[in-house]
K.L.:
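Submitted below is the structure of interest, expressed as structure tokens.
Letters A, B, ... mirror the listed sequences (proteins, then strands); counts begin at 1. The structure presented is a predicted model; accordingly, all values stated were derived computationally and were not measured.
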Amino acid sequence: MSKKFAEYQKFNLSDINKQVCQDWENGNLFKKSIDTREGYPSFIFYEGPPSANGMPGIHHVMARTIKDTFCRFKTMQGFQVKRKAGWDTHGLPVELGVEKKLGITKEDIGKKISVDQYNAECRSEVMKYTREWTLLTKKMGYWVDLDNPYITYDNKYIESLWWLLKELYNKGLLYKGYTIQPYSPAAGTGLSTHELNQPGCYRDVKDTTVTAQFKIKGDKFGDNAYFLAWTTTPWTLPSNTALCVGPKIDYVVIKSANPYTGAEATYIMAKALVSNYFGPKKAEPFEIVGECKGTDLVGIEYEQLIPWVNPGEGAFRVIPGDYVTTEDGTGIVHIAPTFGADDAFVAKKAGVPGLSFPTKKGELRPMVDMTGKFFLLSDIDDEFVKNNINTELYKEFEGRFVKNAYDPNLTDKDETLDISICMMLKQQGKAFKIEKHVHNYPHCWRTDKPVLYYPLDSWFIKTTACRDRMIELNKTINWKPESTGTGRFGKWLENLQDWNLSRSRYWGTPLPIWRTDDGSEEICIGSMEELMAEIEKSVAAGVMSENPYKHFKVGDFSKENYAPENIDLHRPYIDSIILVSKDGKPMKRETDLIDVWFDSGSMPYAQLHYPFENKELIDTRSYYPADFISEGVDQTRGWFFTLHAIATMVFDSVAFKNVISNGLVLDKNGNKMSKRLGNAVDPFGAIEKYGSDPLRWYMMTNSAPWDNLKFDEEGVEEISRKFFGTLYNTYSFFALYANVDGFTYAEPDVPTEERQEIDRWILSLLNTLTREVQDALESYEPTRAGRAIQDFVTENLSNWYVRLNRKRFWAGKMDKDKLSAYQTLYTCLETVSLLMAPIAPFYADRIFRDLNAATGRHNVESVHLATFPKYNEAMVNKRLEEQMELAQKLTSLTLALRKKADIKVRQPLSHVMIPTTVQNIKENLESVADLIKAEVNVKEIKTVEGSDGILVKRIKPDFKKLGPKCGKAMKSVAATLQALPQEEIRKFEENGVYTLCIDGNNIEVSTADVEIFSEDIPGWLVANDGNLTIALDITVTEELRQEGLARELVNRIQNMRKQSGLNITDKINITVCADAEYCRAIEAFAEYIKQQVLGLSITTADTLEGAQEWDVDGKKISVKIEKA
RNA sequence: AGUCCUUUAGCUCAGUUGGUUAGAGCACCACACUGAUAAUGUGGGGGUCGGCAGUUCAAGUCUGCCAAGGACUACCA
């Protein structure tokens, strides 16, 4: 019994999705796709770890489709592609999720709940949606090893991180620094830039600003001269220690007076901003008396504006800063190094001290304490108060909160510290201008209160030291799109800052650095072995009473040994470990955790527990660096950067060779999706509704991965219908007839040269397609690949090949020609299933399996274990492709003419005329003439030479060729050529050259520089497409009329056959009752009719019982068919 | 504020090294086809190629400026 091709009653991609998914599970196919490639070259892919504490969204389908597509493609190309899944488990979102769930705040940790319990909550919270993620992964067909994922909270993972940190430490790239960071006094914690970039954090606020007068020392500008400097944070003025000018900016010296007091004075400010402060509309007259550059001002000293605290040597002078602009303010910037990152930077460079208080606890703080208020004198070191603080002045302000929002007793309506200070300055005649100003200011997303820029201690990685190497290595990375690599990423590297690693939290990788209290000695731990040894030392020295990790066995890499029940490297356990210094002093761990981005950037090594296990995989570069990674473009400075930075600094290598940074998934109106707006698309719903394939296909083909995708469900539906529906129809058509004929591709291939031209044509296109798809995928352009496949299937295979060849499949016996048709169509379907498999893995597998089940041509069970098609150049015939294109164009033109003349395609016509002098077209035409004739139902195609004079010719200049030759005269040349009379054109054609006279210059034009074609044939119905012209003879002769009628009858009989439910192979007898003309037509074409409808006999009768009536062009006919 | 991306038909997108009628699909309207039929074909309307300026014989394409939308980074008086 011969095998059959599966035939389906309905087409539901969602169901197919589920079935194929099940087939994969049953066959353990993902594993097989890796195991069967054992020993083959590797294609190395790294999975960027998502966080499972949020539900997966539709954009994850996008990102993962890209990853999956290339991994499948490379697998099919014969590479072994291991894909280890990963989970990002540390960090703020997790902590916040837990705090929300438990209804606690950060302050409650260690009070209402122990750190221990808190971390346990985090550990479970972080994997909250693992089930959903796993489900989505399977449903969308993302093949990744979920059974052995790397998890960033894993002890082994942390140990690898420690090793990396120690490498950096040993290279001197890890240091502790004191920098200005965003800090939320209300929450009592520093904030990462990531937190500051939460939506809604930056808000417009209205603050009181002041332009203050800083009195210049000495009499260089007279004895009453001031610098004018503007600030939006007047509360920082008591901490002022310098003024900053732009070296290249022009400054002017102005004689005027203080608007509040009227006191005459000399002012210095940027020339470009004078009109903001002085002018005819202002109260005080002014006069510019001098001008200089910023450089000239540098070094000038001034008197302290608010003399509360003595900051020490080197303060109160003008320093240079490149960042100073003349966009607003005065072009002179007030510098409080303790409250601004830029301030601190320029001040440090110029050797200007910041203004700090030593506290009674022995810390060094700015004027503002950690709760956001001016220090109470009682909290400051007594000695310092005595020597450096003017307590008379200061005590009036001590304890004032710098923002009302920080003070539990104040509201927006109360006078702010800013206003108090402004009033004080005004009274003292030091305020030049006080006004409200609206500006954008960051707020803490947890407390909703403004953020303070505040100096904090942090650990940094000195990435700046490796900047050049990073830039160099980046040039070897293939970025898709290129602009992200050179632009966003490249620029980022050029302006690289040191990487602030510290996070003052609980749930994260602890910084493995232990220090003595005085900071004189410290140790960086790089492994468990080291830690255990140090603990033993500490126990021996009596610093610790016992080793809390005593059950851990060094060198035992079993799961049990590293299980959290055995050891836990997280806080608070790790904090209980006190090590001992060489001098016998206790060393405590620096309480910081590290930035979670370090976690993910370390995954190439930590996922392998490098270097403790799998050392050779990295060292021999057999699993490193990645050939390919892909994530959202928002990861450019996130994961992409941390991967690159760690690889450069520790391994002097790139971490990845090819990278796609994909765009966002927006809603169909181009808005960002968000749960709040309710425009987020649920990936599970979408997959259920459409199936994963259309979704994946839509995402890959609608726009390039790196462009944002405007997700529109209608687009997915369109893909379903247009591409998958057409492909399904094509397959169904094939299966239907192949089963009737018992075709199972058992016969040897019909030699190419013995196949019809149209077969060779589609096979030629198929190979061209194969090459294009391969090229596209190899250059990481899935969009181009998908679009090419889609175009081939819908346009060429279905709409042209199948449509034109339908009769070959249903008529006649299985001869060589029919076999050729089957083999050709089979090859196309099979190849398409292979080509599309990386993008649409489900339906591709369905078709492949259905085809292969009947033919057994591949000895693999799934398309994903098969080999990607190879381009066969011998099959490509550009000539044939041109010919067919010509046929398609001519057919379209002819059909358009029929339409214009209102003559149905069923009515045969005698001939079309195609004027052409181009030999090439003539030859091409000959080979496709039969096709065209059949398609447009015309008996004959005639070509006409131009010389007989019936054609009206036209010249079209070839601008590309003539342009460089003619230059400025181009326009006139074109106009002259186009206006050339018929006789001149004829002469031109005869001579091959023609001389034009333009503006007195002779220009010689040859026939190669122009296209000459006929545009019109007087008296004929004519159509043009480019330089192609056809004319249709619309005369319907008696014979043609008869044939037309016969065809109409065939059409009606076929309809009746179908209606009456006859089998397609049943034979019939026909009786017709019609007028005389129709009867003559039937008589004349009786054989034709019988053959078309499988009729044994056809007779005409005067009257007819039980017949069906039809109207053909106004004629009434009755037709009756009976099964023979 | 800086960097980058996007802007072509009502919608989604093509548009090669600049070359003269700016394309496709969807949607819409009309017609045809009816042994692939919950398919299919043909025709039609629809465009100041975001705006302005420049380079050029020639600009959707190159340059500059501007605008809108988006992303990232930063936050500065």
K.L.:
Is any side-chain N or O of A/Lys722 closer than 4.0 Å to OP1 or OP2 of B/C26?
P.N.:
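So the side chain of A/Lys722 is within the cut-off, an N or O lying under 4.0 Å from OP1 or OP2 of B/C26.
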K.L.:
Calculate, to the nearest 0.5 Å, the distance between atoms CG and CZ belonging to A/Leu893 and A/Arg898 respectively.
P.N.:
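Rounded to the nearest 0.5 Å, the CG-CZ separation comes to 13.5 Å.
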K.L.:
OP1 or OP2 of B/U34 versus the side-chain N and O atoms of A/Asn1055: is any pair under 4.0 Å?
P.N.:
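Result: no.
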K.L.:
Between B/C29 and B/A22, how far apart are the two C1' atoms, rounded to whole Å?
P.N.:
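After rounding to an integer number of Å, I get 23 Å for this pair.
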K.L.:
Just compare B/A36, B/C57, B/A32 and give me whichever is closest to any side-chain atom of A/Lys904.
P.N.:
B/A32
K.L.:
May I have the distance from A/Lys889 (atom NZ) to B/G23 (atom C1'), rounded to whole angstrom?
P.N.:
13 Å
K.L.:
Taking atom C1' of B/U16 as reference, at what distance in whole Å does atom CD of A/Glu781 sit?
P.N.:
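About 13 Å, once rounded to whole Å.
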K.L.:
Expressed in whole Å, how much space separates the C1' atoms belonging to B/U40 and B/U34?
P.N.:
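These two C1' atoms come out 9 Å apart once rounded.
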K.L.:
Using the P atom as the reference point in each nucleotide, state the distance between B/A14 and B/A24 in Å, no decimals.
P.N.:
16 Å
K.L.:
Output the single nucleotide from B/C13, B/C33, B/A36 whose closest atom is nearest the side chain of A/Arg787.
P.N.:
B/C13
K.L.:
Just wondering, do A/Asn500 and A/Asp595 contact through their side chains at under 4.5 Å, heavy atoms?
P.N.:
no
K.L.:
Between B/G23 and B/A36, how far apart are the two C1' atoms, rounded to whole Å?
P.N.:
29 Å
K.L.:
Can you give the dot-bracket line for RNA chain B, using ( ) for pairs inside the strand, [ ] for pairs that cross earlier ones, | for pairs with another strand and . for unpaired bases, where Watson-Crick and G-U count if both distances are under 3.5 Å?
P.N.:
(((((((..((((.....[...)))).(((((.......))))).....(((((..]....))))))))))))....
K.L.:
Parallel, tilted or perpendicular, judged at 30° and 60°: which one describes the rings of A/Phe227 and A/Tyr302?
P.N.:
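Aromatic pair A/Phe227/A/Tyr302 classed perpendicular.
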K.L.:
List the residues meeting side-chain hydrogen bond (donor to acceptor under 3.5 Å, both in side chains) with A/Glu714, not counting sequence neighbours, and say none if there are none.
P.N.:
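Per chain and number, A/Glu714 pairs via side-chain hydrogen bond (donor to acceptor under 3.5 Å, both in side chains) with no residue.
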K.L.:
Is the phosphate of B/U40 approached by A/Arg803 (side-chain N or O, under 4.0 Å from OP1 or OP2)?
P.N.:
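Result: no.
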K.L.:
What interatomic distance, in whole Å, is found between C1' of B/G43 and the corresponding atom of B/G51?
P.N.:
36 Å
K.L.:
As a test of reading the structure: which of B/A39, B/G19, B/G70 is closest to the side chain of A/Asn729, going by heavy atoms?
P.N.:
B/A39
K.L.:
So that I can tick it off, tell me whether A/Glu494 and A/Arg467 are bridged by a salt bridge, with the cut-off set at under 4.0 angstrom between side-chain N and carboxylate O.
P.N.:
no
K.L.:
Would A/Arg784 and A/Asp775 pass as an ion pair if we require N to O under 4.0 Å?
P.N.:
no
K.L.:
Look at A/Ser892 and B/G43 and indicate whether a side-chain polar atom (N or O) is within less than 4.0 Å of OP1 or OP2.
P.N.:
yes
K.L.:
Which listed nucleotide (B/C5, B/G19, B/U12) is nearest to the side chain of A/Asp707?
P.N.:
B/C5
K.L.:
Taking the side chain of A/Leu895 as its heavy atoms from C-beta onward, which of B/U20, B/G35, B/U42 lies nearest to it?
P.N.:
B/U42
K.L.:
Count the heavy atoms of every other residue, nucleotide or ligand shown that sit under 6.0 Å from CD of A/Glu885, and state whether that count exceeds 12.
P.N.:
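No - once you tally the heavy atoms of other residues, nucleotides and ligands closer than 6.0 Å, there are 12 at most.
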